[in-house]
Peer 1: 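Below is a structure I'd like to ask you about.
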Amino acid sequence: PRILQESGGGSVQAGGSLRLSCKATENTYRVSYCMGWFRQVPGEEREGVASIDGDGYTWFADSVKGRFTISKDEAENTLYLEMNSTKPEDAAMYYCAADGGRTRSGLACPLPVSFRHWGQGTKVTVSS
């Protein structure tokens with residue numbers, strides 16, 4: 001199985017909602033202190049969207065604060081991103097990431113360098 005497998009991407013109308021899921025292998029989930037979501041559009045750098053650490057603290061990019069939530073399901077080794085009030089600028093390829101034991105600092109969670117494992121991405125399109 002893939003270390004991280006995203007699902008839930010698709011097309012949504014602006015203002016609508018979408019939930020992304022990221023299933024991790026049990027070991028990856030167990031050793032990872034930070035898990036997060038990133039997104040990227042062609043020609044631009046990958047940007048952090050949201051992260052959650054082992055103590056439950058969350059971080060959100062300013063552009064999604066108040067609209068997106070991040071959560072984990074311990075029993076399912078799964079990370080979620082709930083996207084509400086979507087905007088056309090939310091359209092991107094969304095990637096799940098897990099630190100794989102690379103960090104134990106919540107301050108490092110929003111940083112791409114903190115993450116050892118990346119999913120293959122799930123595409124989100126938002127129509128206006």
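Just so you know, these numbers use all the heavy atoms, side chains as well, and skip hydrogens, waters and symmetry mates. Here, residue 1 is the first one in the sequence, and each next residue gets the next number.
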Peer 1: Sequence neighbours excluded, which residues qualify as side chain to side chain contact (heavy atoms under 4.5 Å, CB included) partners of T103?
Peer 2: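 Applying side chain to side chain contact (heavy atoms under 4.5 Å, CB included) to T103 gives C34, D99, S105, A108, S114.
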
Peer 1: Compile the donor-acceptor pairs under 3.5 Å between side chains in residues 75-83 and protein atoms, sequence neighbours left out, one pair per line.
Peer 2:
unit_1	atom_1	unit_2	atom_2	d
T78	OG1	E76	O	2.8

Peer 1: Could you walk me through whether V49 and F68 pass the side chain to side chain contact (heavy atoms under 4.5 Å, CB included) check?
Peer 2: CA-CA 9 Å; V49 176; F68 290 11; 3.7 Å; yes

Peer 1: Hydrophobic cluster mates of W118, side-chain heavy atoms under 4.5 angstrom, ILVMFWY only, any path?
Peer 2: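 The other cluster members (ILVMFWY side chains, heavy atoms under 4.5 Å, direct or chained) are F38, M93, Y95, F115.
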
Peer 1: Each residue besides L111 in its hydrophobic cluster should be listed here, by chain and number; the cluster joins Ile, Leu, Val, Met, Phe, Trp and Tyr at side-chain heavy-atom distances under 4.5 Å.
Peer 2: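 Once heavy-atom contacts under 4.5 Å are chained together, L111 belongs with V113.
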
Peer 1: Do Q40 and E47 make a side-chain contact, defined as non-hydrogen atoms from C-beta onward lying under 4.5 Å apart?
Peer 2: no

Peer 1: Quick one, I70 and W37 - any side-chain contact, counting heavy atoms below 4.5 Å?
Peer 2: yes

Peer 1: Any pair with a residue in residues 65-75 that passes salt bridge (charged side-chain N to carboxylate O under 4.0 Å, His left out), sequence neighbours left out, goes on the list, sorted by first then second residue, please.
Peer 2: D62-K65, R67-D90

Peer 1: When rounded to the nearest 0.5 angstrom, what distance separates CE in M35 from OG in S71?
Peer 2: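 Between atom CE of M35 and atom OG of S71 there are 11.0 Å.
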
Peer 1: Mind checking whether K123 and T125 have side chains closer than 4.5 Å, heavy atoms only?
Peer 2: yes

Peer 1: Walk me through whether R39 and V64 qualify under side chain to side chain contact (heavy atoms under 4.5 Å, CB included).
Peer 2: CA-CA 12 Å; R39 66 187 181 187; V64 306; 3.9 Å; yes

Peer 1: I'd like to know if the side chain of R104 pairs up with that of Y33 as donor and acceptor (distance under 3.5 Å, no hydrogens or angles considered).
Peer 2: no

Peer 1: Could you tell me which residues satisfy salt bridge (charged side-chain N to carboxylate O under 4.0 Å, His left out) with E89, sequence neighbours excluded, listed by chain and number?
Peer 2: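 So E89 forms no salt bridge (charged side-chain N to carboxylate O under 4.0 Å, His left out) with any residue.
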
